[in-house]
Engineer: 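Sharing a structure below in structure tokens format, with a few things to ask.
In this text the structure is predicted, and so the values were computed from the model without any measurement. Both ligands and their constituent atoms are indexed starting at 1 by order of listing. Note that these values count all heavy atoms, side chains included, but never hydrogens, waters or copies made by symmetry.
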Amino acid sequence: MQNKKSLNHLAIIMDGNGRWALNQDLPRTAGHAAGEHSLSRSIDWAIENKLEWLTVYAFSTENWLRSEEEVDFLMFFNRDILIRRREEFNQKGVKFKFLGDLTDSQIPEENKKLMIETEEITKNNKTLNLVFAFNYGSHNEIHKAVLDLHNEHISENLKLNDIENNFYGFFQYSDMPFPDALLRTAGEKRISNFLLYQLSYSELIFIDTLWPDVNGDILDDVLLEFNTRNRTYGRN
Ligand code: IPE
Ligand code: IPE
Ligand code: MG
């Protein structure tokens, strides 16, 4: 499969782990565990297809509303993946970035430590920027950018033009280009508080496949679909 190079940044809402597990009479947590393989297949696929950015939604600011058992598992699981696999991804040239509010006291200290360490260990890697949206919510991200902008320019009489030119600079990773495409798995057709600002001109692709069943062939089809889209950005 040829990536025409126009797909530089793919963002993914990895959805359907719970349904995958329930379909097989397994606990929901088994679906999250199975999703690890799809994540590593997606990273390999992104590297093969020369994407520069892959952003994955791992835990939303709303996911704290799940059962204590599931939240505890997801915190454990996110630590465990980093402990077991970060060296392998590091060898592949993956640069990790954790997008989201890591100051939240609900996140176990051990998770925070591992995420900060992983960013540091992989910071010079060049093959793929892997953005892990963890405790991420787009509203939270936008509100924080507004507050930071306000604090920095507190005594100035800002004009709309100043905001238009500088606003994205107040986001956590303002070097992150806007996604070319957003993929959501598992049939839901909504954004669920993901990258609301950055998705302004992304191609939206929804597939029914549950996240644990995603593999390179399915991502090839997503790329084919993306390549059929005519991106006009308001022009004719
Ligand atoms: C996505 O799968 C993973 C996370 C939100 C962490 P879900 O757990 O939302 O799976 P479904 O949507 O219930 O099937
Ligand atoms: C979005 O999926 C969050 C992640 C994939 C981490 P959800 O399953 O939590 O979203 P809703 O509840 O279907 O909107
Ligand atoms: Mg879901």
Engineer: For ligand 2, which atoms, with element, lie under 4.0 Å from some heavy atom of Arg190?
Structural biologist: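 It comes down to these atoms of ligand 2: 11 (P), 13 (O), 14 (O).
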Engineer: Under 4.0 Å from a heavy atom of Ser192: which atoms of ligand 2 are those, numbered in the order shown and with their elements?
Structural biologist: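 With Ser192 as reference, the close atoms of ligand 2 come out as 10 (O), 11 (P), 14 (O).
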Engineer: As an exercise, identify every atom of ligand 2 less than 4.0 angstrom from a heavy atom of Phe59.
Structural biologist: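 Numbered from 1, ligand 2 contributes 6 (C).
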Engineer: Looking only at heavy atoms of Ala186, does any of them come nearer than 4.0 Å to an atom of ligand 1?
Structural biologist: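 Ala186: no contact with ligand 1 (<4.0 Å).
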Engineer: Around atom CD of Glu68, are there more than 12 heavy atoms from other residues, nucleotides or ligands closer than 6.0 Å?
Structural biologist: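 At most 12 heavy atoms, drawn from other residues, nucleotides or ligands, come within 6.0 Å of this atom.
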Engineer: Does at least one non-hydrogen atom of Met14 fall below 4.0 angstrom from an atom of ligand 2?
Structural biologist: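 Within the 4.0 Å threshold, so yes.
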Engineer: Going by atom types only, do Trp45 and Asp220 share a side-chain donor-acceptor pair under 3.5 Å?
Structural biologist: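 Note: Trp45 and Asp220 side chains meet the donor-acceptor criterion.
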Engineer: Excluding sequence neighbours, so at least two apart, what forms ring-ring contact (aromatic ring centres under 6.0 Å, His included) with Phe59?
Structural biologist: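 With neighbours one apart ignored, the set is Trp64, Phe134.
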Engineer: Could you tell me, atom by atom, which parts of ligand 1 come under 4.0 Å of a heavy atom of Arg66?
Structural biologist: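 In order of number, 5 (C), 7 (P), 8 (O), 9 (O).
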Engineer: Students should be able to answer this: which protein heavy-atom is nearest to atom 2 (O) of ligand 2, and at what distance?
Structural biologist: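 Minimum-distance protein heavy atom for atom 2 (O) of ligand 2 reads Arg184 NH2, 3.7 Å.
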Engineer: Assess the residue pair Asn129 and Asp175 against the criterion (side-chain contact (heavy atoms from CB on, under 4.5 Å)); give the C-alpha distance rounded to whole Å, side-chain angles, the decisive distance to 0.1 Å, and a yes or no.
Structural biologist: CA-CA 11 Å; Asn129 293 290; Asp175 63 328; 5.9 Å; no
Engineer: Quick one, Lys144 with Glu141, criterion salt bridge (Lys or Arg N to Asp or Glu O under 4.0 Å). Give me CA distance, side-chain angles, the key distance, then yes/no.
Structural biologist: CA-CA 5 Å; Lys144 191 169 175 308; Glu141 176 179 55; over 6 Å; no
Engineer: Please list, in number order, the atoms of ligand 1 under 4.0 Å from a heavy atom of Asn63.
Structural biologist: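 Once the distances to Asn63 are compared, the set is 5 (C).
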Engineer: Under the criterion side chain to side chain donor-acceptor pair (under 3.5 Å), which of Asn63, Asp104, Asp101 is the partner of Asn135?
Structural biologist: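 Single pass found, and it is Asp104.
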Engineer: Going by heavy atoms in the side chains, are Leu183 and Leu219 under 4.5 Å from each other?
Structural biologist: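 Side-chain contact under 4.5 Å: yes.
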Engineer: Mind checking whether Arg19 has a heavy atom under 4.0 Å from ligand 2?
Structural biologist: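 Contact check Arg19 vs ligand 2: negative.
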Engineer: Just to be sure I understand the site: which N, O or S atoms from the protein are less than 2.8 Å away from the Mg ion (ligand 3)?
Structural biologist: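 Checking every protein N, O and S atom gives Asp15 OD1.
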Engineer: I'd like to know if His32 contacts ligand 2, where contact means a heavy-atom distance under 4.0 Å to any ligand atom.
Structural biologist: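 It does not; every heavy atom stays at 4.0 Å or beyond.
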Engineer: Quick one: do the Ser192 and Arg184 side chains pair a donor with an acceptor below 3.5 Å?
Structural biologist: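 Their side chains do contain a donor-acceptor pair, which is all the 3.5 Å distance test asks for.
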Engineer: I'd like to know if the side chain of Arg229 reaches the main chain of Leu204, judged simply by a donor and an acceptor atom lying under 3.5 Å from each other, with no hydrogens or angles considered.
Structural biologist: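 At least one qualifying donor-acceptor pair exists.
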Engineer: If you measure every N/O of Asn17 against every N/O of ligand 1, is any gap under 3.5 Å?
Structural biologist: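 Yes, there is a polar N/O contact under 3.5 Å.
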Engineer: Does Ala58 reach ligand 1 with a nitrogen or oxygen that is under 3.5 Å from one of the ligand's nitrogen or oxygen atoms?
Structural biologist: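 N/O-N/O distance below 3.5 Å does not exist for this pair.
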Engineer: Does Arg28 come within less than 4.0 angstrom of ligand 1, counting non-hydrogen atoms of the residue?
Structural biologist: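 Contact check Arg28 vs ligand 1: positive.
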Engineer: Quick one: list whatever passes ring-ring contact (aromatic ring centres under 6.0 Å, His included) with Phe167, sequence neighbours left out.
Structural biologist: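 For Phe167 the ring-ring contact (aromatic ring centres under 6.0 Å, His included) partners, ignoring immediate neighbours, are Phe171, Tyr197.
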Engineer: How would you list, by chain and number, every residue that makes a side-chain hydrogen bond (donor to acceptor under 3.5 Å, both in side chains) with Asn17, sequence neighbours excluded?
Structural biologist: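 side-chain hydrogen bond (donor to acceptor under 3.5 Å, both in side chains) list for Asn17, sorted by chain: His32.
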Engineer: At what distance is the nearest protein heavy atom to atom 10 (O) of ligand 1, and which residue and atom is it?
Structural biologist: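 Answer for atom 10 (O) of ligand 1: Gly18 N, 2.9 Å.
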Engineer: Would you call the rings of Phe96 and Phe89 parallel, tilted or perpendicular, where under 30° means parallel and over 60° means perpendicular?
Structural biologist: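 Tilted.
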Engineer: Under a 3.5 Å distance rule, please check whether Trp20 uses its side chain to pair with a backbone N or O of Gly31 as donor and acceptor.
Structural biologist: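 Such a contact is absent between Trp20 side chain and Gly31 backbone.
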Engineer: Taking N or O atoms only and a 3.5 Å limit, does Tyr57 qualify as a polar contact for ligand 2?
Structural biologist: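 There is no such contact.
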